[in-house]
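Heads up, the thing below is written out as structure tokens.
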Amino acid sequence: IDYAFSDFKSDRLDLIIFSRAYFILSANAGMEELGNLFRKPMIISAIPINIQPTSSDKFICLTKHHVSKKTGKNLTMSEIINKYAETFNTLDDLIHKKNFKNEIEFKDNTPEEWRDVAFEMIDRLNKREIADDNLIQNKYWNLYKKLIEKSKFENYHGEFKAKFSATFAKRNPEWLL
């Protein structure tokens, strides 16, 4: 059932579905706040990357692909930090600033990436070990801290409790370079 286009959609049913969900998948469009209301585990793909929700150990973060329009290749986190971090302040900045429009294309996560991170969430909720997780988490959050400092978003984040998607990192190894 595609609930978003269903004839049965209603505010009350929205609340019921979110209250009973095992976890929430979100492209950071706002509805995930109902997941927060019910303290549900969430997978969130957010841009700009420096506003990923990091405050809960129930969150798995991933991001859309940041693709260079010049080369057609995915940008690495280090490239984003070194070239763009100081102007990654809001989604409005990303959409409207000329240098982003001309240089970066944001590509949605693939259905396979969403599927893989959903299985990763199930594994995490069932306390199953994720291969190479400590290495991936350490590398990602060290890079993320540099991004936050350079983009002057330290006050937006407290302690980083969320996980970055290990399956996304493995599928896109260039991301953590």
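Lys163 places no side-chain N or O within donor-acceptor distance of the main-chain N or O of Cys61, the cut-off being under 3.5 Å. Panel note: side chain Gln137, backbone Phe164; a donor-acceptor pair is recorded below 3.5 Å. With hydrogens and angles disregarded, a donor-acceptor distance shorter than 3.5 Å links the side chain of Lys40 to the backbone of Ser19. Of the possible donor and acceptor atoms, none in the side chain of Asn109 sits under 3.5 Å from a partner among the backbone N and O of Ser45. Panel note: side chain Glu79, backbone Thr76; a donor-acceptor pair is recorded below 3.5 Å.
For the atom pair Glu159 CD and Ser55 OG, the distance stands at 10.0 Å (nearest 0.5 Å). Rounded to the nearest 0.5 angstrom, Trp175 CH2 and Leu143 CG are separated by 9.5 Å. Lys64 NZ to Ile104 CD1: the interatomic distance, rounded to the nearest 0.5 Å, is 13.5 Å. With rounding to the nearest 0.5 Å, the separation of OG1 in Thr63 from CE in Met77 is 8.5 Å.
Around CZ of Arg128, the count of heavy atoms belonging to other residues, nucleotides or ligands within 6.0 Å exceeds 12. For Glu112, the CD atom is densely surrounded, since the number of other residues' heavy atoms within 6.0 Å is greater than 12.
No single ILVMFWY cluster, assembled from side-chain heavy atoms under 4.5 Å apart, contains both Tyr140 and Leu135. Side-chain heavy atoms closer than 4.5 Å link hydrophobic residues (I, L, V, M, F, W, Y) into clusters, and following such links, even through other members, never connects Phe168 to Val67. Both Leu125 and Leu62 are part of a single hydrophobic cluster, where members link through side-chain heavy atoms under 4.5 Å apart. Hydrophobic clustering (ILVMFWY, side-chain heavy atoms < 4.5 Å, transitive): Ile44 and Leu37 are in one cluster. There is a path of hydrophobic side-chain contacts, each under 4.5 Å, that joins Ile122 to Ile43.
Side-chain contact check for Phe38 versus Ile24: every heavy-atom pair is 4.5 Å or farther apart. Using a 4.5 Å cut-off on side-chain heavy atoms (C-beta onward), Leu25 and Trp114 make contact. Contact annotation: the side chain of Trp141 never approaches that of Asn138 to less than 4.5 Å [non-hydrogen atoms, C-beta and beyond].
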For this session: Applying salt bridge (Lys or Arg N to Asp or Glu O under 4.0 Å), run through Lys161 and Asp57 and close with a yes or a no.
Result: CA-CA 5 Å; Lys161 295 179 182 177; Asp57 61 0; over 6 Å; no
Exercise. Can Arg124 and Asp133 be said to form a salt bridge (Lys or Arg N to Asp or Glu O under 4.0 Å), step by step?
Worked result: CA-CA 11 Å; Arg124 289 185 186 281; Asp133 193 47; 2.6 Å; yes
Problem set entry | Audit row: Tyr22, Met121, side-chain contact (heavy atoms from CB on, under 4.5 Å) steps and yes/no | CA-CA 10 Å; Tyr22 189 53; Met121 176 63 88; over 6 Å; no
For this session: I would like to know whether Asn74 and His66 meet side-chain contact (heavy atoms from CB on, under 4.5 Å); could you show each step before the answer?
Result: CA-CA 6 Å; Asn74 284 340; His66 296 57; over 6 Å; no
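For Ser68, the side chain to side chain donor-acceptor pair (under 3.5 Å) criterion is met by Thr71, not counting sequence neighbours. Remark: Phe23 engages no residue in a ring pair (Phe, Tyr, Trp, His ring centres under 6.0 Å) (not counting sequence neighbours). Shown here are the side-chain contact (heavy atoms from CB on, under 4.5 Å) partners of Phe5, two or more places apart in sequence or in another chain: Asp2. Annotation: side chain to side chain donor-acceptor pair (under 3.5 Å) contacts of Asp132 (sequence neighbours excluded): none. Among residues two or more places apart in sequence or in another chain, the side-chain contact (heavy atoms from CB on, under 4.5 Å) test is passed with Asn36 by Glu33, Met42, Phe59.
Results of the side chain to side chain donor-acceptor pair (under 3.5 Å) test with Ser165 over Lys170, Glu120, Arg171 single out Glu120 as the only residue that passes. Evaluated for a side chain to side chain donor-acceptor pair (under 3.5 Å) with His65, the options Lys107, Glu105, Glu113 yield exactly one hit, Glu113.
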Donor-acceptor pairs under 3.5 Å, side chain of residues 9-16 to any protein atom, not counting sequence neighbours: which ones?
unit_1	atom_1	unit_2	atom_2	d
Lys9	NZ	Ala4	O	3.0
Ser10	OG	Leu13	N	3.0
Asp14	OD1	Tyr3	OH	2.5

